[in-house]
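Working notes for the structure below.
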There are 2 protein chains.
Amino acid sequence: MANIKDIAKMAGVSVTTVSRVINNHPYVSAEKQEAVRRAMELCNYQRNINAVHLSKGKTFLVGVVVPFSNHPYFGLLIEGMANEALQHNYKLVLIQTNYEENKEIEALAMLKDKQIDALIICSRICEWSVIGDFTQYGPIVLCEDARGNNVSSTFVDHYKSFTAALEYLYQKGHKKIGYTIGRKSGTNSAQRSKAYKDFLEKHGIPFNPHFIFPWCFNFEDGELVVERLVQLNDRPTALLVTSDQVAAGILTCCKDRNIFIPKDLAIMGFDNQPISKVMRITTLEIPLVEVGRKLFFQAMDGENVTHEEIPVRLIERDTV
Amino acid sequence: MANIKDIAKMAGVSVTTVSRVINNHPYVSAEKQEAVRRAMELCNYQRNINAVHLSKGKTFLVGVVVPFSNHPYFGLLIEGMANEALQHNYKLVLIQTNYEENKEIEALAMLKDKQIDALIICSRICEWSVIGDFTQYGPIVLCEDARGNNVSSTFVDHYKSFTAALEYLYQKGHKKIGYTIGRKSGTNSAQRSKAYKDFLEKHGIPFNPHFIFPWCFNFEDGELVVERLVQLNDRPTALLVTSDQVAAGILTCCKDRNIFIPKDLAIMGFDNQPISKVMRITTLEIPLVEVGRKLFFQAMDGENVTHEEIPVRLIERDTV
DNA sequence: ATATTGTATGAAACGCGTTTCAGAGCAAGA
DNA sequence: TCTTGCTCTGAAACGCGTTTCATACAATAT
C-alpha cells in the first residue's frame, strides 16, 4: 500500500504538499493539487490513521465505560453520546466492565497511553482517589455527582428526586414504601438510601429492611422482587423502582399473581423509558439521551471542569 | 511525559533494551532489567500506544457496526463479543449507524485506514459489492448468511427457522398467520418473506398483506401492531414476531385490550430474551451471546473465511 | 524604487516504539 | 584448539503523517 512518500514522488512534489492537499490547507497551486489528487486516486491511497494519531497526539476516540451494554439505560446514554460524537467526528470505544474494577482501570490506562482522548464513566466502581490519579492524562467525565472531584459530571440529584418521589407517594397516602436499586454501593444508591432514611425519619416511619430490594437491573429481575414481596407478611403498599425495566417486570409479574396495580401496590419507575409509556407506568423522567449528549460535550471541553445537574420530571400515569 | 528514549538514557541502556523489558523479551540481564524498571517507575512511564500501533500496524481494536445500541438483541451480541475481546486483549469500537449507509461506509473506511484490525457488521445496509471493496484491508465478519461473499459469517438460517415456526403454528391449528419484521429489506427479512410465501403456497393459504407488520424493533412498537390488528376485519390468529421485545409489547397491549393470548391470538417470539421467559412467551431461541462470541472469533481468524450456521431451538411456553 | 505582505513549496525535525542486523562475550561440544 | 551456539546489547532503519522553518517569487503599499 502506498504511503505519503510514494504519492509525493509520483506527483513530483514534497510530502508536505501532499499533506497540505490531504488536509485542505491553502497555498497549494491548482496544478500540484490536481497532480496529487490524481496520484492518490491512482494508488487508492489511504493515509495511515495511526501515523496521524501519533503525530497529532490525538485519536478522536472517546472511551465509554458501562457495566453492561445491553441495558436500555446505558443504551440511551450511549445513543446521546454517539449522536454528539458523530457531530464532532469522534468515535466511541465501548468498555464493558461488568462492574469489575480492573476493567475500569484498564479504561483509565487507555487514557494514559493516549489510546483515547477522553473517558466517560457511566457507572463508576473505582475509588475517587484512583480516578484522580488519571485526571492528568485527559478529561474524565462522570455520570454522577462529582462535585469536589477534579472531573466533570452530568448528573441527577438522586437525593432530591428520590425525596420528591417518596413525598409524592406519601401524599398519595402511602406510608409503607419500599424501593429497589441496582448495586448496593455507588453514589446514586447512597444518595437514595440517605433520602429514604431521612424521609422515614421525617414522617416517623419505622425502617423495614425487607422493603429494600437490591440487584434489580432488568425486566426479569422484577420476578424475584414479586416473589419476595408475596412472602412478606407486612408488605409495602408502594414501590419506588429505580428503572422502568424492573418496574415493567414487577408490573407484569404482579398481574400474573393477581396483585392489582395500583390498588394493592403502587409502582413508580425511573427514566421514562418507552416501555413505561406503553405500560402506563408512573415514572420520573431522566432525559438520558440528553445526558449522554452533555457527557460527551464535557468530554470534548477538556479544559474546564464543569458540573451540570439534570432536573427530573414526574410523569404521572396509572401505576400510582 | 517521558518517552522510551528518556528511560533508556536514565537507565543507561539503549532503547532496544527498554523495549525488550517492556515486552518481556528474553536476553536482558537482571541488572539492566532492574535499572529499566526503576527508571520507568520513577518517570511514571507509559508507552505511547499510538506509536505501538503505527509500528506494529495493528490497533487491537475491532469495529462493531450496529444500527442502534439500545436494543437487547445487539446488546447480547455485543456482550458475547466483549467477553471474547477481553480474552484476546482487544477492545471494541462501537459504530452506530441508525441504518444510514454512509456510517457503515465510515466504519469500512476505518478498516482501510487501519484504525481497526477487523470489522463486525451486525446488520448490514451496504451492497455486497461495497463490502467487497474493503475485504482487502482486513477481516470483515457478518451476522447474516454471507456464503458466496468473501467475508466470514455466523448466522441463523432464517428461512429454515421461519418455516419451522410457521409449521409449528400451522400444526397447532393456525391458518391465518401474520408476522412482524424490523426492516423491510435485508437478507434476514428476505429469507423470512420467502419462507412465508412458500409456506402459504404449500398449504394453499391466500396472501394477505395486512398480516405483515414491518418496522417492529422495540417493546413500544408492539402498541402499533395491536392498534392496527384490532382495526382489521379479518384478523390473523397467530403472529410470528421477530423479536421478544416486540412480542412482549404486543402481549402487554393485548392484555390491556382484553385480547386473550393464546386463545384469541397466538404469539411467537424470537431470541429467547429474558423478557420472554418472564412473560412466558413461546419463542425461538437464538444463542446471541454465543453468536457474538463466534463473530469475534472469526474476526480474529482473519486468514480464513468461514461460515457458521447457528441452530435455533423452539422453546414452548404459554403464548401459542 | 523600496518595503511589505501574501502565495507557494520543500527540507528536515518530530511524535515514539519495534525490529532487524551486527557484533561481542562466553560456554559447551568436536 | 577450534567450531558452534547461546546470551546480551545497541545502532539504525522502519512505520508514516504533521508541522516548523526557511526560501523564493509576485503583488501591493509607501
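Fair warning: this is a prediction, and the values are worked out from it, not measured in the lab. In what follows, every chain begins at residue 1, and chains take the letters A, B, ... in the order their sequences are listed.
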Can I get a per-line list of side-chain donor-acceptor pairs under 3.5 Å for residues 109-116 of chain A, giving both atom names and the distance, sequence neighbours left out?
{"from": "A:K112", "atom 1": "NZ", "to": "B:N44", "atom 2": "OD1", "distance (Å)": "2.8"}
{"from": "A:D113", "atom 1": "OD1", "to": "A:Q115", "atom 2": "N", "distance (Å)": "3.1"}

Could you go through residues 8-22 of chain A and list every donor-acceptor pair under 3.5 Å that involves a side-chain atom there, pairing it with any protein atom two or more places apart or in another chain?
{"from": "A:S14", "atom 1": "OG", "to": "A:T16", "atom 2": "N", "distance (Å)": "3.4"}
{"from": "A:S14", "atom 1": "OG", "to": "A:T17", "atom 2": "N", "distance (Å)": "3.3"}
{"from": "A:S14", "atom 1": "OG", "to": "A:T17", "atom 2": "OG1", "distance (Å)": "3.3"}
{"from": "A:S19", "atom 1": "OG", "to": "A:N23", "atom 2": "ND2", "distance (Å)": "3.4"}

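Here the side chains of A:F217 and A:P67 are not in contact, with every heavy-atom distance at 4.5 Å or above.
Of the two residues near DNA chain C, B:H25 and A:E31, the one whose nearest nucleotide lies more 5' is A:E31.
Listed by chain and residue number, B:K294 satisfy the side-chain hydrogen bond (donor to acceptor under 3.5 Å, both in side chains) test with B:E308 (two or more places apart in sequence, or in another chain). The side chain to side chain contact (heavy atoms under 4.5 Å, CB included) check on B:D133 picks up nothing, with sequence neighbours excluded.
Below 30°, between 30° and 60°, or above 60°: for B:F68 and B:H71 the angle between ring planes is between 30° and 60°, a tilted geometry.
Here D:dA24 presents its P atom at 15 Å from NZ of A:K32, a figure rounded to the nearest Å.
Applying side-chain contact (heavy atoms from CB on, under 4.5 Å) to A:C122 and the options A:L142, A:V65, A:V64 leaves one that passes, A:V64.
Heavy-atom neighbours of B:F297 CZ from other residues, nucleotides or ligands within 6.0 Å: at or below the threshold of 12.
Applying the 4.0 Å criterion to OP1 and OP2 of C:dT7, one finds that A:Y27 has a side-chain N or O inside that range. Contact annotation: A:T17 reaches the phosphate of C:dG10 (side-chain N/O to OP1 or OP2, under 4.0 Å).
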- [ ] Using a 4.0 Å heavy-atom cut-off, write out nucleotides 13-18 of chain D from 5' to 3' as B (base contacted by protein), S (sugar-phosphate only) or - (no contact).
- [x] --BBBB

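Proximity of residues 85-93 of chain A to DNA chain D (heavy atom under 4.0 angstrom from any strand atom) is not detected for any residue.
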